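Counting starts at 1 for both ligands and their atoms, following the listed order. Everything numeric here is computed off the predicted structure, so don't read it as measured data.
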Amino acid sequence: MRIAVVGGGINGVMCAASLGNAGHDVVLLERSTLMSATSSASTKLLHGGLRYLEHGSFRLVREALHERRWWLDQAPQFCHPLQLLLPVWRGQGRSRHLIRAGLWMYDLLAGSARLQPHRWLDRSEALAVLPGLRADGLVGAFSFWDGQMDDLALGLWAAERARSLGVSIHEHTSVDRVTTDGVLEGPGLHERYDRIVNCAGPWAEDLLRRSGLTPRHTLDLVRGSHLVVDRPLGTGVLAQVPGGSRIAFVLPWKGKSLVGTTEIRQGLGDPITCSDDERSYLRQFHDSVMEQSLREEEVASTFAGVRPLIRSSEDPGRATREYALERHGALLTVFGGKWTTARALGELVASRVA
Ligand SMILES: Cc1cc2nc3c(=O)[nH]c(=O)nc-3n(C[C@H](O)[C@H](O)[C@H](O)COP(=O)(O)OP(=O)(O)OC[C@H]3O[C@@H](n4cnc5c(N)ncnc54)[C@H](O)[C@@H]3O)c2cc1C
């Protein structure tokens, strides 16, 4: 079949690769450049998502843990296992028993794809692993492992892989409208395909509406920002933000550290940048976790992306990170998803497209 994929983020690229691998004649159309939107603005973790266990997302976590292994095995030049600490401070945050139960389940769901089993570190062991950790009230920390990626480089690697599977990729090619019988329209573009796969990420719902179609799913657009901090770090740490139940990260990143992230609902036309409020929220979070507070001049840069979440909860933090497919005739639209699970999504799309 002749198939067009709209959107050159990680989901579009992995869908195109799976369709190419299944023997279809595939073109991928990206209005800007590959990986220029959400897929290069992530927290850069290839992970199961430990905190999704609290929402009962066992299927998603299990799939993501197995997909994490796939990326680490296939492209070790762009991703690697990363040790993470989950500290326990006296009288603060989730209980030690709850975290232990979550990590036990995380290891179990990973099965043969497990990296290293979690373990408890007492106070002095935790401070030896991460000397900058806030020592005041520290009881100890759980240590566990996930993957860390260079999302831009890994995404471009995935695009090269798609090309090698026969996918023809066209950047700077915008799609304005799609029809249910497979016609794709844009500036200088009017082409008919057997199938169209809409992988426009945060813009997927908008493309349907602009095409006069009524989607059954609604996207919840939730911005997440990060600070890149001029301070090297050996090990990652995740912790509860002060005064809330959200979890945020301080991670080593290319000789610096990465502090993220936030969850701010926004509209499609709003700027995708880190606001002053997010900047101070992230600095406050950093200072609640690390011994030495962050000076403004240490913030080397910031970046932000918009999560295309399927609307499922009033609280964006509880919204599902699952993906869903919606069919309108010859058009298949992808809603939601995570970086880590993009390959599994691609396989599902390839199995459904026929
Ligand atoms: C702050 C943040 C942190 C995250 N952290 C992680 C993490 O650590 N691990 C993880 O697994 N996931 C993470 N995610 C989720 C993950 O980044 C996203 O699920 C994923 O990148 C979405 O990819 P996508 O291809 O659907 O969207 P995008 O990457 O946004 O790609 C969509 C593409 O479609 C193009 N496009 C849109 N409209 C058109 C059109 N009309 N014509 C042509 N092209 C069009 C856009 O230019 C864009 O390039 C995070 C997300 C955010 C925002």
- [ ] List the steps and the verdict of salt bridge (charged side-chain N to carboxylate O under 4.0 Å, His left out) for Glu63 and Arg59.
- [x] CA-CA 6 Å; Glu63 179 177 270; Arg59 191 214 74 82; 3.0 Å; yes
With [atom] as the reference point, say which of [options] has the nearest heavy atom.
| atom | options | value |
| --- | --- | --- |
| atom 25 (O) of ligand 1 | Asn11, Ile272, Leu345 | Asn11 |
| atom 20 (C) of ligand 1 | Ser39, Gly12, Ser40 | Ser39 |
| atom 32 (C) of ligand 1 | Gly147, Ala200, Ala37 | Ala200 |
| atom 3 (C) of ligand 1 | Ile10, Thr43, Val175, Val6 | Thr43 |

Task: Thr173 touching ligand 1 at heavy-atom level, < 4.0 angstrom - done: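 Contact present.
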TODO: Assess His226 for proximity to ligand 1: is some non-hydrogen atom of it under 4.0 Å away?
DONE: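 Yes, His226 has heavy atoms under 4.0 Å from ligand 1.
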Within-cut-off N or O pair, [X] and ligand 1, under 3.5 Å:
| X | value |
| --- | --- |
| Ser42 | no |
| Thr38 | yes |
| Trp203 | no |
| Ser32 | no |

If the cut-off is 4.0 Å to any non-hydrogen atom of [X], which atoms of ligand 1 fall inside it?
| X | result |
| --- | --- |
| Thr261 | 1 (C) |
| Val306 | 53 (C) |
| His47 | 7 (C), 9 (N) |
| Gly305 | 53 (C) |
| Ala41 | 1 (C), 2 (C) |
| Gly224 | 1 (C) |
| Gly201 | 26 (O), 27 (O), 32 (C) |
| Gly7 | 33 (C), 34 (O), 35 (C) |

At under 4.0 Å between heavy atoms, is it the side chain or the backbone of [X] that contacts ligand 1, or both, or neither?
| X | answer |
| --- | --- |
| Lys44 | backbone |
| Trp339 | both |
| Cys199 | backbone |

Open item on the list: Between Arg295 and Glu298, does any side-chain N to carboxylate O distance fall below 4.0 Å?
Closed with: yes
Is any side-chain heavy atom of [X] closer than 4.5 Å to a side-chain heavy atom of [Y]?
| X | Y | value |
| --- | --- | --- |
| Thr333 | His217 | no |
| Ser245 | Arg94 | yes |
| Leu156 | Met35 | yes |

Would you please say whether a donor-acceptor pair under 3.5 Å links the side chains of [X] and [Y]?
| X | Y | value |
| --- | --- | --- |
| His55 | Thr320 | no |
| Ser143 | Gln83 | yes |
| Asp181 | Thr179 | yes |
| Thr33 | Glu171 | no |

Open item on the list: Once you measure the plane-to-plane angle for Tyr52 and His47, does it fall in the parallel (<30°), tilted (30-60°) or perpendicular (>60°) bin?
Closed with: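 Tyr52 vs His47 ring planes: perpendicular.
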- [ ] Consider only side-chain heavy atoms of I, L, V, M, F, W and Y, link residues closer than 4.5 Å, and tell whether Val237 and Val139 are in one cluster.
- [x]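 Shared cluster, no.
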TODO: Please check if Val13 and Leu325 belong to a single hydrophobic cluster, counting links between Ile, Leu, Val, Met, Phe, Trp and Tyr side chain heavy atoms closer than 4.5 Å.
DONE: yes
Task: Closest protein heavy atom to atom 39 (C) of ligand 1, given as residue, atom name and distance to 0.1 Å - done: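 Heavy-atom neighbour on the protein nearest atom 39 (C) of ligand 1: Arg31 CD, 3.8 Å.
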